[in-house]
Structures are given as C-alpha cells and as structure tokens.
Amino acid sequence: MRNVKGTRHSLRSSRKLSIIAQDPSVKIDGRIVTASIDVPAEELLSGPRGYRVAVVDYDVTANALYQPADLPSGLDGEYHDPFADAPDETLLSDPRFHAQNVYAIAMRILARFEFALGRRVQWGCEGHQLNILPHAFAEPNAFYSRDDRSLFFGYFESFPDKQGNTHTVFSCLSHDVIAHETTHAILDGLRSRYLEPSSPDQGAFHEGLADVVALLSVFALPDVVGAALDATTGAALIDQALLEKDKLANSVLFRLADEMGQEMSGVRGSALRHSIVLPPGKDYMNDPAWQEVHNRGELLVAAMMRSFLDIWVSRLSRIGTIVDGKKDRSLVIEEGARAADHLLTMAIRAIDYCPPVDLSFSDYLSALLTVDREVVPDDRYGYREALLSNFRDFGIDPSRRADTDGSWLRCDEDMIYSRTHFDSMLRDNEEVFRFVWENRKALKIGDIGYIEVQSVRPSVRIAPDGFVLRETIAEYVQVLTVTAGELRQDLKVDVPEGIEFWRSLRLLGGGTLVFDEYGQLKYQIANHLLKDRGDRKRQGDRLSYLWKQGFLDKRKDGAGYFSALHLARSGVQERAG
C-alpha cells in the first residue's frame, strides 16, 4: 500500500461574503441594502488576490496605495466574513470593504457564466487573473481595459444637496456597475472580436448584455428582491397591487446604478439606465438618436427585461391571494428568481450560438431562441414567445437566415468526417481547421482571404429536468485585405465615396460551429465574407458606419474604447442635467 503523507481535508467549495447588493443610495428601513452571497472558496493572498481576481487598490489621482483586505480562512476551513455585521458608515468608508465588495461580485458573476456555459471561462485579456482597482482615479467613470488586464472604478464628489452638503460617490460600491464591467471582461474572452468596430449593434451588444446580467443577477438575492418590492423586510405577505406590471417596472429592481445616475446627471432620483420604461412600437432601430452604442444597448435591455417582466407576471397570476388581496411573499420572490435565473442562463448560453463577427441584435435573438429550444423543447412558461414579442416591439426580428420559428436552421449538408479525428475535434484548433478546410464548399466559406480557428470549447448544458446536453463550440474567422477600388469594381461592394481607391481595407467573415457529443455538426452560425448579395450589403454597411464614425482613421479598442464610451456617456448625462 502506498504511503501518502499529509492529511486529507474536506474543503468547502464556497464561502459567504457581504456585499452592497443594490446601490448605496437605495435604502430599506434607513439602511443600505446588503446581502451575503456565495462565492467560490479559495485561499487568498492579501488584497484580496485569488486565482482569477487580484484586487490592487492603487489610486493614481492621489498616488496612494490603500490598505488591502485580508480574507483568510479560519479553523477547520471555516471562512470568516469580516464585514458581516458592519454598520453602513464602515461599508461606505473602509477601503478594505470596497476591495471585498468588488472581489465578491466579480467572482459571483464569473461563477454564474461558468455555470451557464458548463466550462471554465477565460478573461478577454492575457493571463489568468484580472486586476481590479476599486479607487483607480477621481473621475465619474468605470471601465474594462484589455491592454491593462484590469477593471478600473472611479470616485467623485456628489452635487451639493439642499443644505450644500456633498459626499464621495464610489462606483466600486454599486453592484450594477461592478457586474456590468465584469461582464465586459468575460464577454471579451468569449468573443474577442466583438470589441472591434463593426456596426452599431455589435458595440451596443457589449453594453446591453452587461446591463442585462447586472439586472437579472440581482433576482438571485431573495432578501434584496423582497425588500425592494415594498420597502419592508420580514413581512410574510405582499399586497397584490404592488405586483402589477407597471408597478414592478418602476421599482428599484429594474434600475441600474441609481447613485451614479443621480450624481452624474444632477437629477435626484434619476437612475443612469432605466430601459424598461422605453415605450415600445417606435422605429428605434433606424432612428439616428439610437445609433450611439449606450442608447442602442438600451433597446436590447428593454426587450430582455420586458420579456422577464411578462414571464414573472404570468407566473404570479397562478398564485392565489391568501387574505385581503395579499400573496405569499416567498412565492412571489421564488417565481421571480426562477424566471430571472432561466432568462439569465439563456442570455449567457446564447453567446455560444452567435456568429463571431458583425453581430446583430437579430442574430442574438435567433441564438436565444435556439439555445432554449435545444435544452428545453417544451416552452411551457412562454419564454421564447415573450422574447419574440418584445424584441419585435423594438423593431428586432430574428435573423434572415433563421427557421420559421426564429431559431437557427440545423446543418443538413453532407460533411467529410473521415479525415479528422473525433477526440481531437473536441479540443484542438488545428483539427477543427482541417475539418473547416475539407468542408469549405459545404460550409459556403469560399476560397478568398484566409481562415483562422480562434477557439474550440466544450460545453455542458443542464436542462431544468436534469437532461444533460454536451456540445463542442468552435469559432472561426475569415479575413480579406483588399483595396477600396477592388471592392468597388471586382467585388461589387458599396464603398463610401470619401475612401480613396488605393486605401487598404479589411473585411471580416466568420462562423460558429456547434458539434454534438458525437462530433457531428449541428449548426453553422455564420456571417460569411462575401457569399451573396446580403453579405456584400453587410460589408458595405459596415464600411459606411466605420467611415462615418472615424474608425477607419483611428483605432478604438481596449482601454481607450471603453473609457471613451463611458466618459462620453457621463458627459451626455451632465449636459442633460
């Protein structure tokens, strides 16, 4: 028998940490809304610094390094939360809690993505660890920077109140802001080319999805939801009048970053984003005012959150009243949590069913419908029906390449599998590239440009009934560099008149390949390079947008991209005030 040295310990897989669960300006019974959340357990260095997140509390404005937070484990693997019973004054002023707050929320969002996708998820930047700076600078801004491998959170002085008093607003204390920026870093890891300028929809998708994740993730915190519904805690019942659709839509649960919005706009009580109150039925998609990425992102948020609200209200209609028109509070919260959890899972999983370049809202809608149909064929609660209806209310229809129900068409082409190895296809970029090369005619890729397989990722999806769906997700891109003159004359692409004929331009195409557990291709979800007239129009529209926005003259990505976007947003808010 082999002699094994040491003692085997039964280690916890998660630990509890306190966070500010809404926004410091939101108070219930006179107190900031807090929650104790589960985050993956790990042995942390001072900071805290763990295997995925490293909090580095350096303030470039003050040239100061703040005292780091220590979150050690106690005896027998028991983890201690140093701020479990801390008063509001401590939460607002202690930089060590600020460090804990950003660490815990970022890790929770990362864990939520990994649960939905059924695999480990990498950041969009190099390395395994993402740096987070809770007090990065004295500015009303927060952003993700790929080049710096960091999330930066700013702070600023509030506008004076009626008595002339001000206070410091910390973006690192807003749950929504932290969840939003963490989602940017994760989405960049899942689809790196979504940071490249392409169309209004692609940039808006980054902003819209980040808001959707921030909003829906709150509904997994039952105490927070219950308190926010009627500003009370501990009651067993809730008035049915508070559960009407309009009442719920105007509750704090559907607003983002209240304090940031109030202070940046100078308007008390105005949230930075409140997309759900956008009136449906207008031609937003073609309105010039809705081409800016933050504004356009609100259309995605509005469609998603109105879908959630419809589903929640529908589920609540099945719950009877107990006495005096009141319903069981725990059931109300539970129905909201179930609906939000399912929709959030759909929102995350749908990324795997999106094309890797030139994403449109229509593509994302088809991805949502497809991934839910794959895992939950019986749409008994009407999720897909609600999504179709609400997206159409904002002028968004499924992709033109989709089936009659809006979901992606399954691949029915005859493929060559005999020259590739099944086991390698599950993980090897080179093996998938050979499959793509051998099948480029069936895949309608064409012979121009060069092809690169960017990723091959396993996925395990678990349905509500316990059904397990195993897939492999591969992503390839096709790149063609050509002059403007050749595009006009030879390839029949409409190029903006101001672009000189000799100028070199880069066109992108690409697709996502979804293989089943036996290595057979189920879906090819592609925006082809120049397969047909629709592709030529898409390329022309992309070049026109890039030319008008100045992206063909100035590179805008990484830190500069998100920093500029968010500063521009704050500038708009200040002018509005």
### Task
Check whether any side-chain heavy atom of Tyr381 sits under 4.5 Å from a side-chain heavy atom of His342, and report yes or no.
no

### Rounded distance [0.5 Å steps], CD1 in Ile473 versus CD1 in Ile525
7.5 Å

### Task
May I ask you to check whether Thr183 and Arg112 show a side-chain donor-acceptor distance below 3.5 Å?
no

### Message
So for atom CG, which belongs to Asp494, do other residues, nucleotides or ligands contribute more than 12 heavy atoms lying within a distance under 6.0 Å?
### Response
no

### Query
Looking at side-chain heavy atoms only, is the closest gap between Asp211 and His180 below 4.5 Å?
yes

### Message
Please tell me whether Phe435 and Phe515 form a close aromatic pair, meaning their ring centres lie under 6.0 Å apart.
### Response
yes

### Task
Quick one: do Arg52 and Glu42 satisfy salt bridge (charged side-chain N to carboxylate O under 4.0 Å, His left out)? Show the steps, please.
CA-CA 10 Å; Arg52 300 305 307 275; Glu42 57 177 325; over 6 Å; no

### Query
Does a side-chain N-to-carboxylate-O contact under 4.0 Å join Arg146 and Asp188?
yes

### Query
Quick check: are there more than 12 heavy atoms from other residues, nucleotides or ligands sitting under 6.0 Å from NZ of Lys531?
yes

### Under 3.5 Å donor-acceptor, Lys492 side chain and Gln489 backbone
yes

### Task
Taking all non-hydrogen atoms of both residues into account, name the closest pair between Ala347 and Tyr364 and its distance.
O-OH, 2.8 Å

### Message
Let's go through Ser360 and Arg400 carefully: what are the C-alpha distance in whole Å and the side-chain angles of both, what is the deciding distance for side chain to side chain donor-acceptor pair (under 3.5 Å) to 0.1 Å, and is it a yes or a no?
### Response
CA-CA 11 Å; Ser360 69; Arg400 63 183 176 87; over 6 Å; no

### Task
Run the salt-bridge test on Arg349 and Asp372 with the 4.0 Å N-O cut-off and return the result as yes or no.
no

#### Entry: Any donor-acceptor N or O pair under 3.5 Å, side chains Asp363, Ser366
no

#### Entry: Crowding at CZ, Phe422 (>12 non-hydrogen neighbours, <6.0 Å)
yes

### Query
So, Ser217 side chain and Ala214 main chain: donor-acceptor pair closer than 3.5 Å or not?
yes

### Task
Return yes if a side-chain donor-acceptor contact under 3.5 Å exists between Glu374 and Tyr523, otherwise no.
yes

### Query
Can any side-chain N or O of Ser389 pair as donor or acceptor with the backbone N or O of Ala386 at less than 3.5 Å?
no

### Message
Is the shortest side-chain heavy-atom distance between Val514 and Trp408 below 4.5 Å?
### Response
no

### Message
If you count every heavy atom of other residues, nucleotides or ligands that lies below 6.0 Å from Arg410 atom CZ, does the total exceed 12?
### Response
yes

### Query
Is the gap between the ring centers of Phe361 and Phe394 under 6.0 Å?
no

### Task
Return the orientation label for the Phe219 and Trp312 ring planes: parallel under 30°, perpendicular over 60°, tilted otherwise.
perpendicular

### Task
Determine whether more than 12 heavy atoms belonging to other residues, nucleotides or ligands lie under 6.0 Å from atom OH of Tyr51.
yes

#### Entry: Between CG on residue Leu530 and CD1 on residue Ile448, distance to nearest 0.5 Å
4.5 Å

### 4.5 Å side-chain heavy-atom contact, Tyr103 and Ile132
no

### Query
Judged by modelled atom types alone, do Ser455 and Glu475 share a side-chain donor-acceptor pair under 3.5 Å?
yes

### Cation-aromatic face contact Arg440/Trp437, 6.0 Å, 45 degrees
yes

### Message
Between Glu438 and Arg434 (salt bridge meaning N to carboxylate O under 4.0 Å), is one present in this structure?
### Response
yes

### Query
Taking the side chain as C-beta and beyond, is there a heavy-atom pair between Leu215 and Phe308 under 4.5 Å?
no

### Task
State plainly whether the residues Asp405 and Arg373 are in salt-bridge range, i.e. N to O under 4.0 Å.
yes

### Message
Using 30° and 60° as the class boundaries, would you call the ring planes of Phe152 and Phe143 parallel, tilted or perpendicular?
### Response
tilted

### Query
Should we say atom CD of Glu385 is surrounded by more than 12 heavy atoms from elsewhere, each under 6.0 Å from it?
no

### Ion pair check, Arg538 and Asp535, cut-off under 4.0 Å
yes

### Message
Under 4.0 Å between a side-chain nitrogen and a carboxylate oxygen: does that hold for Asp310 and Arg306?
### Response
no

### Query
So does Asp352 pair up with Arg461, basic N to acidic O under 4.0 Å?
yes

### Task
Please examine the side chains of Val436 and Leu513, heavy atoms only from C-beta on, and report whether any two atoms are closer than 4.5 Å.
yes

### Query
Is it true that Asp358 and Arg542 make a salt bridge, defined as a side-chain N closer than 4.0 Å to a carboxylate O?
yes

### Task
Could you verify whether a donor N or O on one side chain and an acceptor N or O on the other, from Thr483 and Glu486, lie under 3.5 Å apart?
yes

### Message
Is any side-chain heavy atom of Val213 closer than 4.5 Å to one of Thr182?
### Response
no

### Query
Does atom CD of Glu500 have more than 12 heavy-atom neighbours from other groups under 6.0 Å away?
yes

### Task
Assess whether atom CG of Asp283 is packed by more than 12 heavy atoms of other residues, nucleotides or ligands within 6.0 Å.
yes

### Task
Can you measure from OG (Ser199) to CD (Gln291) and round to the nearest 0.5 angstrom?
9.5 Å

### Query
Minimum heavy-atom separation for Asp532 to Gly534, with atom names?
OD1-N, 3.1 Å

#### Entry: pair His206-Leu195: side-chain heavy atoms closer than 4.5 Å
yes

